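Below is one structure, written out as structure tokens, with a few remarks after it.
Just so it is clear, the values below take in all heavy atoms, side chains as well, and ignore hydrogens, waters and symmetry mates. Numbers for residues simply follow the sequence, beginning at 1. Bear in mind the structure is a predicted one, so any value in this text is a computation, not a measurement.
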Amino acid sequence: MEEHKIVMVGNGGVGKSAMTVRFVQDVFVTEYDPTIEDYYHKVITIDEKECGVEVLDTPSHLEFSSMWDCIYRSGDGFLIVYSITDRSSFEQVTNYYDKIILRKDVNDGEVPIIIVGNKCDLEIEREVSYQEGHDLAQRILCKFIETSALTKQNLEEVFYAIARETKNLKRYYFKSENLQRYKKKKSNFQEEPCIIF
């Protein structure tokens, strides 16, 4: 069965854990608990074929930058999450995006990334408009969606979308004319051992 590694990145408190647990276990986490890196796994069906989705819920702060290198290199696709109620988390989106592109050594558009505005159920507390999120995603060649872990609005859609993008990119690279390029990228990712405790 094909496996896809999805990495959640974003500031603390934006709802990465709530989104992940809601998607995998269908439980809404009501209290914020700063994450110490956690893996979740779920089997889903894409285009009538089962595949595994492994979601890495990252902590917002890590002591060693080398650990971030491992996390970014290991991911097949990424969800960059901000809270629509926290403008400062939105302002960090491009910072996360730049780090993914740099550490994976790819060009814009060569790795599946979706920008996610979470907590869209809290409309009355909104600090970032839908249009701002949409425009930013367009500038950096990413898809954009707003979600709510509480109401499950667009929640399954965003995980299925990033898994589908990852699957399609792998399919593209495994075509004969692109295989050498894929192998080169994989060898670049594996130059150093990647151990995550």
- request: Mind telling me whether Phe90 and Tyr82 have parallel, tilted or perpendicular rings, with 30° and 60° as the class edges?
  value: perpendicular
query: What heavy-atom pair brings Lys16 and Asn11 nearest, and what distance separates the two atoms?
result: NZ-O, 3.0 Å
- request: Return the minimal non-hydrogen interatomic distance between Ala163 and Val53, and the atom names on each side.
  value: CB-CG2, 4.0 Å
- prompt: Does Lys104 reach the main-chain N or O of Val111 with its side chain, forming a donor-acceptor pair under 3.5 Å?
  reply: no
query: If we ignore angles and hydrogens, is there a donor and acceptor under 3.5 Å between the side chains of Thr147 and Asn118?
result: yes
query: Do Ile115 and Leu141 share a hydrophobic cluster, counting only Ile, Leu, Val, Met, Phe, Trp and Tyr and linking them when any side-chain heavy atoms are less than 4.5 Å apart?
result: no
task: Could you state whether Leu150 and Leu79 fall into the same hydrophobic cluster, counting links through intermediate Ile, Leu, Val, Met, Phe, Trp or Tyr residues with side-chain heavy atoms under 4.5 angstrom apart?
output: no
- prompt: What distance do Tyr40 atom OH and Gln25 atom CD have between them, rounded to the nearest 0.5 Å?
  reply: 6.0 Å
message: Evaluate Leu155 against Ser148 for side-chain contact (heavy atoms from CB on, under 4.5 Å), listing each step before the verdict.
response: CA-CA 7 Å; Leu155 193 68; Ser148 167; over 6 Å; no
field: Lys/Arg N to Asp/Glu carboxylate O, Lys143 vs Glu165, below 4.0 Å
entry: yes
query: Does a salt bridge link Lys152 with Asp26, judged by any charged N lying under 4.0 Å from a carboxylate O?
result: yes
query: In chain order, what residues pass the ring pair (Phe, Tyr, Trp, His ring centres under 6.0 Å) check against Tyr130, with sequence neighbours excluded?
result: Phe144
field: Heavy-atom closest pair, residues Glu146 and Cys120
entry: OE1-CB, 3.9 Å
- prompt: Say you draw a straight line from OH of Tyr97 to CZ of Phe78; how long is it, rounded to the nearest 0.5 Å?
  reply: 11.5 Å
- prompt: Should Val27 and Phe159 be counted in the same cluster of Ile, Leu, Val, Met, Phe, Trp and Tyr side chains packed under 4.5 Å apart?
  reply: yes
message: I need the minimum non-hydrogen distance between Leu169 and Pro112, along with the two atoms involved.
response: CD2-CD, 3.5 Å
task: Report the C-alpha distance between Val9 and Tyr72 in whole Å, list the side-chain angles of each, state the deciding distance to 0.1 Å, and finish with yes or no for side-chain contact (heavy atoms from CB on, under 4.5 Å).
output: CA-CA 9 Å; Val9 296; Tyr72 286 128; 4.0 Å; yes
query: side-chain contact (heavy atoms from CB on, under 4.5 Å) between Ile113 and Tyr96: does it pass, once the steps are laid out?
result: CA-CA 11 Å; Ile113 300 173; Tyr96 288 108; over 6 Å; no
task: Search all heavy atoms of Glu91 against all heavy atoms of Thr94 and return the closest pair with its distance.
output: O-OG1, 4.2 Å
query: Under the side-chain contact (heavy atoms from CB on, under 4.5 Å) criterion, do Glu2 and Ile46 qualify, and how do the steps go?
result: CA-CA 11 Å; Glu2 194 172 9; Ile46 297 179; over 6 Å; no
- line: On a heavy-atom basis, the closest approach of His4 and Cys51 is CD2-SG, 3.8 Å
Distance (rounded to the nearest 0.5 Å) between Lys5 NZ and Ser74 OG: 6.0 Å
message: Nearest 0.5 Å, please: how far is CZ in Arg103 from CG in Asp98?
response: 10.5 Å
- prompt: What is the distance from atom CD1 of Ile80 to atom CE of Met8, rounded to the nearest 0.5 Å?
  reply: 11.0 Å
- line: The reported gap from CZ in Arg87 to OG in Ser129 (rounded to nearest 0.5 angstrom) is 7.0 Å
- prompt: Got a salt bridge between Asp76 and Lys167, using NZ or NE/NH1/NH2 to carboxylate O under 4.0 Å?
  reply: no
